[in-house]
Structure formats: C-alpha cells, structure tokens
Amino acid sequence: MIITYVNVLKAIADGAALDVGRTVHSSAIMDGIESDVFVGSMLVHVYVHCGSLEEAYAIFNNIPSPNAVTWGTIICGYAEHGLGTEALLLSKKMQENGVEIDQGLLVAVLKASESSSCLTQGQSFHALAVEWDMQHDELVGNALISMYATCGNLDDAINLFNKRPHRSTMAWNALISGLASQSPDYVHGREALTAFWQMIQVVQPNEITYMSILKVCSNLCALNQGNMIHAHLIEGGLRWELKVGNALIAMYLKCGNLEYASCVANTLPSWDIVTFNTVIEGFGRSGLVKQALHLFDEMLRNNIEPNDSTFISILSACSHDGLVEKGHEFFELMKLHGIGPKIDHYDLMVDLIGRAGYLNEAEDFLETMPLTTDFVGWMAMLTHCNRLVNVDIGRRSFSVLVKMDPSNASSYVLMSNLYADAGMLEDAEKLDNIRKSTNGAIKKPGKAFIEIGNKVHEFSVGCRGQDLSGPVYAKLQELRSQLKQNGYKPHINMAQGRSSKEEESMLWEHCEKIAIAFGLINTAEGSTLRVSKNLRVCSDCHDATKAISKVEKREIFIVDTYRVHHFVGGQCSCQDCY
DNA sequence: ATAGGGTTAG
C-alpha cells in the first residue's frame, strides 16, 4: 500500500495537481499512514511542488522520524519559494537533530544559503560537504558553484568550476545562472556572457542555459547579444519550449524592442500564465497601458486564472498611467479571484495613489492597511512627497524609514533633497551631516551599461578611470554647453554646502550621462542607443537625455528598474512620470 | 521505494 501511495503521489506532484493531492492526502489519513516517512515525504513534496508551503510544513511536522529526503524536500521547498531565512532555520534545526547527511541534503542546505544570500552559512555547509567527502559529487559541486556565484563570491565559484574534471552542461548552468542572478545589481552579467560564449564551444547548452543568459541580456539591455543568442538558439535546432520563448519575449521587451517581442509572441503555439504576465508587465513598463489592460481581459477569456504576479504587473501598469480608479478596481478584483494582496501589492497601491498626487490618501492607505508596512511602501511615500515638495508628510515618512533601516542612505538623500527643494537649506545640510556621520549609511552605487557592437561596457558614477578616455570627457563638455543653449537646466541641489558650479559638475559625472557620451562617440550617427541602469534614472539625467535626443538626433532608450524610457526628439515616452 | 537545475513580478 505504501508503494502505491508513493507512486500515485509522485504522479500528482509531477502534474502539480493540488486538489487531487489533497484527496489522496485525506485517504492516507484514513488509512493511517500519513505520517509514514515515505508517504509523508511524498506528501511534503506534493504540497511544495504545488506551492502550498503551509500544508507542506504541517505534514513535515507530523512525521515522527523524518529522514534526509524529508528534510531535503522541505528545505528545498522553502529555498525555492524565496523563503531563504526559513530554509536556513530549518537547515540548522536539521543539524541539531543529527540527521544523516547525504548528497541531496547538502544540495538543499546550500540552496537555503543561496536563497538567503548568506555566504557564511554557505561556507559552513561547504565545510560540511568536505567533512562527509561529498564535495566532488556532481550535484553538490553544482550547488556549491551556484551558491558562491549568487552570494557574489565570484572567485570561489570560478575556482570550483575550473577544478571540475568534467564540466557538464549543468555545471556551466550553475555558473552562468549564478552570475546572472546577481540582479538587480547584475554586477556579473558581463562575466556570464563571456562564460556563455565559452560554454557553447565545448558543450551543448539547454533551455536553462538560454533562460539564464537571456535574463542577463534583459538586465543589461544588451539587444545585440540577445539577438545573437536568439539566432544561435534557432541554428542549434534545440526544440525550445514556451519557457525559452517567454525569456525571449521578456528580453526584447526589456530592450524596448516591442516589434521583436511581438514576433516571438506570435510564433508561440499557446500562451501560458507566464507569457501573459511577462507581456502585461512589459507593456506597462513601456507605457502601453491600454494594451496591457486589454491583455488582462484576453487572459481571462482564455480561461487562464491570474495569479499574484499578474496583479503585480497590472497594478504597476495602472501606476505608470496614473489610473487610480482602475488600480483600486484591480485591487478589489484580486480578492474576488481568491488572491490575498501581499505587501508588494499594497506597496504598489501606495505608489499608484501617491503618483497621482493624492498624498494624504496614500498615507491613510499605508496606516490602515492590514499588513505590517515595509520599507518599500514608505519609500514610495517619501518619493512622491519629494516630487510634490510636501515637507509635512515627507518628514513623517522619513522618521518611519529611519527607524526601519537606519543604515539605508536613500531615505536620507530623498529627505535632504526634499528640504532643499522646499528652500530649507539648513535642514538639508543638517541631515546630510547626520547621514555622513552615521556609520554604514551607504548609497548603493549607480551603474550604467551600454552595448556597443557586441561588447557591453560598464560605467559607475564619477568613473574617470580607464574606461573614460579623453574623447568621452570632451563629449561630455561639449554636451554640457550645447544642452544649456537648448533649454536644459541642471537640477542643482544647493545643500551640502557646495557651489552651484561644483554641483553642476557632479551631475555630469552621473553614469547614465557617461554611458550616453561613450555611446554617442562610438556609434554611427543617427543610430539608436540603449542604456541600462541598476537604479532609477535621476531627474537631471532624464531631462538631459531628452535634450540630447533632440540635439544629437538620436533615439535613446534608458531602461531602469522602474520602466523603459524611450527618448525621441526631446521627449520621453514616460511623459516625465518617473 | 521517496527529492534534487529554471521562466514573469518585487
């Protein structure tokens, strides 16, 4: 009977049939074997596979003597569903319980470390693997490479990879997807691209390789690389599935190439929920909000049930177009679809309401929401206070933010800018001094990327290093005087006790401007530039790029974490709503 | 006898 249950549950897990799983679960209870370690482990697996972690954990908790497989299944489940902290807690509990270690379990705890970006834990599990002499196992080795790459320890990832006697597709994938998953910092995206082109010389890539590397192209806005990989995919004759198709669509959308995105979308035999979510999100990101809303209806007509990501996409689409009423409607609609809004959805509503200018209403929304507010929500609040120069609400938001995370500099910077815009220079300066004296209040360094030909170049703020040769500097100077004659005014913040000349010079060290100047002098006249940015584009760079697009007669895309900005003839597709 | 690469969103 146990063997029958195991086989049936395996089939259910493969088909992700949650309802059937629950039925079989109840009959296991009636047969009195739900806490048998084999049946129980498979039940855990079923619930994990269907995304119902609460139920999975309840079963797990009911198994009197869970074994390595049981522990591995529940730990992996948490790790793969983005609950890294919980996965790590379980890993420690597992060690305390003295479970016998096997390869699968090591893979699980390494994934837990990776999922919580906890390098020190990962290293201690690496030591555990060595202790049990399992570090040479193929799967353990891959998990190690992936963990080191994801936790930002590039050297160890590459070292382990190089030491492998046989580098399988899976090992390459561990390296590449690890490097790719650095997003949204995508510090190692360029290294991932290099690894990909090396890889295809020696082994056959598979769907997972393509999905990872296409994500890198999306993050870097590397359209040429993306195109080449697309071509390679077709030539390779790999029978690619919907998942690769979805990654291609996402890549073209992120690069602002809606035409190619549609081409791929139209060749797919059918769309799944990820395709819909991807296109809805991508359309919203490019400002095609009507089309995004239309696709939502079409999704329902196709009997595809929206999930919480769908509503993330649709709410942010509404936000991009200032559709407050629509946003509220969708927020209620998701409840009707049986999806409880999560903190991300509430944060998007705050952004949506604030963006439309209703600051009081947004603050009310934050204060009365049934979930505990988080940094993102109050940050959205402060962003809009800053934009609309509302010192009162801005101050209140700021004090919440500082309590939540005193070491995050972005709240200080926003508040200080807000004071400065309100003419309260002393308060601004005071705050800047506090920020500088607060240990560790560091602003995430801005980075911009631009692809010229097949090479992706990286720039950081103020980098006057090897990348920035004389001609780029000269171009920046030229733009600086040219733009002023064409109506561009530098966004000078008089706080921090600097002169306006110094302030203005600093604006010209922003990485977006450097990337654009580099692009202008290294590409043919009239060709399109695509720049990606790891943060939101600043208001000054946004205005400057509008002017540049006119003066230089160039189409310019800046893809930031928020949306695709398409500059043509002095205007941006976001209509200055950024 | 039971698990074990990854897509969208934030």
Side-chain angles (χ1 to χ4, degrees), chain A residues 2-10 13-14 36-46 48-49 63 66-77 79-80 82 102-111 114 137-140 142-143 145-146 168-178 180-181 183-184 206-215 218 240-251 253-254 271-282 284-285 306-317 342-348 351 374-377 380 561-562:
Chain A
I2 288 173
I3 294 176
T4 312
Y5 267 105
V6 167
N7 288 330
V8 167
L9 287 168
K10 188 173 161 52
D14 290 345
D36 169 82
V37 69
F38 286 96
V39 175
S41 299
M42 277 317 277
L43 278 169
V44 173
H45 176 54
V46 167
V48 162
H49 215 77
I63 303 174
N67 62 15
V69 173
T70 329
W71 281 99
T73 307
I74 191 78
I75 292 170
C76 262
E80 279 167 3
D102 74 352
Q103 277 93 344
L105 196 45
L106 284 169
V107 169
V109 295
L110 286 167
K111 263 194 201 161
E114 178 173 340
D137 174 83
E138 168 96 21
L139 294 181
V140 174
N142 291 342
I145 293 168
S146 177
S168 62
T169 295
M170 228 168 125
W172 281 99
N173 286 352
L175 182 67
I176 290 174
S177 70
S181 65
S183 163
N206 62 15
E207 302 94 315
I208 290 163
T209 324
Y210 285 110
M211 282 189 286
S212 309
I213 202 64
L214 286 168
K215 192 182 173 74
S218 316
W240 45 280
E241 319 241 325
L242 195 51
K243 289 166 185 180
V244 177
N246 290 342
L248 276 170
I249 295 171
M251 182 272 293
L253 286 171
K254 267 275 186 73
W271 285 23
D272 68 355
I273 183 153
V274 177
T275 324
F276 275 103
N277 290 355
T278 304
V279 181
I280 289 172
E281 200 276 335
R285 191 180 275 270
N307 60 16
D308 56 345
S309 306
T310 315
F311 285 99
I312 296 272
S313 306
I314 206 83
L315 288 176
S316 52
K342 291 201 283 205
I343 186 74
D344 300 353
H345 300 101
Y346 280 97
D347 289 342
L348 277 167
D351 183 60
D374 70 350
F375 198 84
V376 180
T561 47
Y562 183 62

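Keep in mind that what you see is a predicted model, and the values were worked out from it rather than measured. Proteins come first, then strands; the chains are lettered A, B, ... in the order of their sequence lines, and each starts at number 1. Both backbone and side-chain heavy atoms feed into the values below; hydrogens, waters and symmetry mates do not.
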Worksheet item: In Å and rounded to the nearest 0.5 Å, what is the CZ to OG1 distance from A:Phe38 to A:Thr70?
Response: 8.5 Å
Response to the item:
Separation of B:dG5 atom P from A:Ile145 atom CD1, nearest Å, is 16 Å
Worksheet item: Roughly, in whole Å, what's the span from NZ in A:Lys215 to C1' in B:dT8?
Response: 8 Å
Worksheet entry | Whole angstrom value for the distance that separates P of B:dT8 from CH2 of A:Trp271 | 16 Å
Worksheet item: Touch check for A:Ile2, heavy atoms < 4.0 angstrom, all strands: base, sugar-phosphate only, or nothing?
Response: base
Item to complete: Give a yes/no on whether any side-chain N or O of A:Lys111 is located under 4.0 angstrom from OP1 or OP2 of B:dA3.
Response: no
Discussion item. Taking any heavy-atom pair under 4.0 Å as a contact, classify A:Ser146: base, sugar-phosphate, or nothing.
Written reply: nothing
Fill in: A:Tyr5: partners by ring pair (Phe, Tyr, Trp, His ring centres under 6.0 Å), with sequence neighbours left out
none
Worksheet item: Is there a side-chain polar atom (N or O) of A:Lys10 under 4.0 Å from OP1 or OP2 of B:dA1?
Response: no
Discussion item. Measure CD1/A:Ile208 against P/B:dG5 and give the value in whole Å, please.
Written reply: 8 Å
Item to complete: Have a look at A:Met42 and say if it touches a base, only the backbone sugar-phosphate, or nothing, with a 4.0 Å heavy-atom cut-off.
Response: sugar-phosphate
Response to the item:
Between the CG atom in A:Asp351 and the OH atom in A:Tyr562, the distance rounded to the nearest 0.5 Å is 5.0 Å
Item to complete: Starting at atom CD1 of A:Ile249, determine the distance to atom C1' of B:dT8, rounded to an integer number of angstrom.
Response: 11 Å
Worksheet, complete the sentence: Between CG of A:Asp137 and P of B:dG5 the distance, given in whole Å, is 14 Å
Item to complete: Take the protein atom CG of A:Asn173 and the nucleotide atom P of B:dG5, then report the distance between them rounded to whole Å.
Response: 12 Å
Worksheet item: Can you tell me if A:Asp374 uses its side chain to pair, donor with acceptor, with the backbone of A:Gly377 under 3.5 Å?
Response: yes
Item to complete: Give A:Glu207 one of three labels, base, sugar-phosphate or nothing, depending on what nucleic acid heavy atoms sit under 4.0 Å from its own.
Response: nothing
Worksheet item: Which whole-number value in Å describes the distance from A:Glu80 CD to B:dG4 C1'?
Response: 8 Å
Discussion item. Tell me whether A:Ser146 contacts the main-chain N or O of A:Asn142 through its side chain, where contact means a donor paired with an acceptor under 3.5 Å.
Written reply: no
Worksheet item: Would you say a side-chain N or O of A:His345 is under 4.0 Å from OP1 or OP2 of B:dG10?
Response: no
Worksheet item: Between B:dT2, B:dG5, B:dA1, which one does the side chain of A:Ile3 approach most closely?
Response: B:dA1
Worksheet item: So does A:Asp102 reach the base of B:dA3 with its side chain, donor to acceptor, closer than 3.5 Å?
Response: yes
